[in-house]
Amino acid sequence: MNPTTLNGATLEKLISAAVAAPSFRGSRPWRYRLDPDTGTFQVRAVPAPGVPEPEAAARALHVSVGAAVFNLRVALAHFGWEPDVQLLPVPGDPDLLAAVRPIGPRHVGDSPYRDLYDAIWRRHSCRTPYFAHCPTGAVVLELIDAAHAEGASLTLPRTEETLRLLRLTAEAEERGERDTGRAVASGGRVHEDSGAGAASLDSGRRPLVAVLCTPDDSCADWLRAGQAMERVVLLATAHTVHATLLHEAMEWPDLRAAMRTTDCGPGLVQMLIRFGAAASEDCAPRVPVRWSAERG
């Protein structure tokens, strides 16, 4: 099939898909610039306040941008292109985090993302307790493979280790609530992916929580983690499995260090993801999508 023409309507759909990705504290820390000669999308960083520590803020920014880059890849494939991605393409330009160039054509039926485009629009963070052990074992294996395809690992720790990780997340939430109280008093806001309340132990049930890790902790690893995270979450959504991102402990260096677990090997923990079937459809509302793209 021939790729769809990159006209204004298609460009709007591509960028809308990209910016529908989850981001830390609703920051959406990205800006897109389109080179009209090559059709390359430059994805640039837009730092946002809110994360306590500078390194945690940088990691959060890169993970968020990685998720948006993955959505852009999915959207390009949906419209018939093969997405060619370069991470950190210009060493002297640290704000340029990725360059995504549509090449092709690729038949949509051959795309590894063919079931994920619709999931972009159906993905939500759900903060309610989960009532069932979901996904199935077969789906879990697909999720593990999806993370591996993006250079990350996804592991399910033992029950006692899962509860320890959730207690660390709950401690991070308590710290965050104190900070949020100060932010609200000064006019701040809470966003759809804040994860507030997500560390509950599901009313005594055993929650299914996976740990997403990367081999190292460089900027490129953070971008890969974001792409792996989004690929896993969209695949879960495609299988009608709810997923909640538990990132609160990642914002505190001491708590993130305590997240290291032998159950998940020597990798660096980038995210916890809770899976299941929500007891209700009380999903967090999305902030309305607003986007703009700069042309070169």
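These numbers come from a predicted model, not from an experiment.
- Under the 4.5 Å side-chain contact rule for hydrophobic residues, Leu11 and Tyr117 share a cluster.
- Taking a cutoff of 4.0 Å between a charged side-chain nitrogen and a carboxylate oxygen, Glu230 and Arg73 do not qualify as a salt bridge.
- For the side chain to side chain donor-acceptor pair (under 3.5 Å) criterion with Arg158, the lone passing option out of Thr262, Asp263, Thr261 is Asp263.
- Closest heavy-atom contact between Ser153 and Ala147: C-CB, 4.2 Å.
- A heavy-atom distance below 4.5 Å is not found between the side chains of Glu171 and Trp252.
- For the pair Leu14 and Leu6, the minimum side-chain heavy-atom distance is below 4.5 Å.
- Between the Asp221 side chain and the Ser218 main chain, a donor and an acceptor come within less than 3.5 Å of each other.
- From Leu154, atom CG reaches atom CE of Met271 across 11.5 Å, with rounding to the nearest 0.5 Å.
- Ring geometry, Phe70 versus Tyr113: the interplanar angle exceeds 60°, so the pair is classed perpendicular (tilted spans 30 to 60°).
- A donor-acceptor pair under 3.5 Å is absent between the side-chain atoms of Thr214 and the main chain of Ala225, judged by distance alone.
- Between the side chain of Arg123 and the backbone N or O of Ala238, no donor-acceptor pair lies under 3.5 Å.
- Between Ala146 and Arg231, the shortest heavy-atom distance links the atoms O-CD, 3.7 Å.
- Taking CD from Glu55 and CG from Asp217, the interatomic distance works out to 6.5 Å, rounded to the nearest 0.5 Å.
- Summarising the geometry, atom CG belonging to Leu168 is positioned 13.5 Å from atom CZ belonging to Arg256; distances are rounded to the nearest 0.5 Å.
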Determine, step by step, whether His247 and Val63 satisfy the side-chain contact (heavy atoms from CB on, under 4.5 Å) criterion, reporting the C-alpha distance in whole Å, the side-chain angles of both residues, the deciding distance to 0.1 Å, and the verdict.
CA-CA 11 Å; His247 60 76; Val63 171; over 6 Å; no
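- A donor-acceptor distance shorter than 3.5 angstrom exists from the side chain of Arg122 to the backbone of Thr237, with no hydrogens or angles considered.
- Here CG of Leu235 is found 8.0 Å from CG of Asp115. Values are rounded to the nearest 0.5 Å.
- With rounding to the nearest 0.5 Å, the separation of CG in Asn71 from NE2 in His78 is 13.0 Å.
- Side-chain heavy atoms closer than 4.5 Å link hydrophobic residues (I, L, V, M, F, W, Y) into clusters, and following such links, possibly through other members, connects Ile15 to Trp30.
- Taking 4.0 Å as the cut-off between side-chain N and carboxylate O, Asp254 and Arg175 count as a salt-bridged pair.
- At a threshold of 4.5 Å between side-chain heavy atoms, the hydrophobic network of Ile, Leu, Val, Met, Phe, Trp and Tyr places Val69 and Leu96 in two separate groups.
- Gly151 approaches Pro215 most closely through the heavy-atom pair O-CD, 3.7 Å.
- For the pair Leu61 and Ala45, the tightest heavy-atom approach, listed with the atom from each and the gap, is CD2-CB, 3.6 Å.
- Rounded to the nearest 0.5 Å, atoms CD (Glu248) and CG (Leu272) are 9.0 Å apart.
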What do the steps show when you test Leu97 against Leu88 for side-chain contact (heavy atoms from CB on, under 4.5 Å), and what is the final call? CA-CA 5 Å; Leu97 299 190; Leu88 307 172; 4.0 Å; yes
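- What you find for Gln270 and Asp216 is that their closest heavy atoms are NE2-O, 3.8 Å.
- You'll find the side chain of Met259 reaches within 4.5 Å of the side chain of Thr169, heavy atoms only.
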- Task: Could you give me the CA-CA distance, side-chain angles and deciding distance for Arg224 and Glu150, then say whether side-chain contact (heavy atoms from CB on, under 4.5 Å) is met?
- Result: CA-CA 6 Å; Arg224 294 187 189 99; Glu150 300 298 329; 5.7 Å; no
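- Using a 4.5 Å cut-off on side-chain heavy atoms (C-beta onward), Thr40 and Gln86 make no contact.
- Looking at heavy atoms from C-beta onward, Val100 lies in side-chain contact with Leu76 at the 4.5 angstrom threshold.
- Val74 and Leu87 fall within the same hydrophobic cluster, where Ile, Leu, Val, Met, Phe, Trp and Tyr residues are linked whenever their side-chain heavy atoms come under 4.5 Å apart, directly or through other members.
- Between Pro266 and Arg260, the shortest heavy-atom contact is O-NH2, 3.3 Å.
- Under the salt bridge (charged side-chain N to carboxylate O under 4.0 Å, His left out) criterion, Arg59 pairs with no residue, sequence neighbours left out.
- Linking ILVMFWY side-chain heavy atoms closer than 4.5 Å, directly or via other members, places Val90 and Phe41 in two distinct hydrophobic clusters.
- A 4.5 Å side-chain heavy-atom check between Thr244 and His242 finds every atom pair outside the cut-off.
- In this structure, the side chains of Asp35 and Gln42 stay at 4.5 Å or more apart for every pair of heavy atoms.
- For the pair Val209/Phe275, no side-chain contact is recorded, criterion being any heavy-atom separation below 4.5 Å from C-beta on.
- In this structure, Arg44 pairs ionically with Asp93, as a charged nitrogen and a carboxylate oxygen lie closer than 4.0 Å.
- In this structure, the side chain of Thr155 does not engage the main chain of Pro157 through any donor-acceptor pair within 3.5 Å.
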For this session: For side-chain contact (heavy atoms from CB on, under 4.5 Å), just list the numbers for Val19 and Tyr32, CA-CA rounded to whole Å, side-chain angles, deciding distance to a tenth of an Å, and then say yes or no.
Result: CA-CA 10 Å; Val19 303; Tyr32 293 86; 3.9 Å; yes
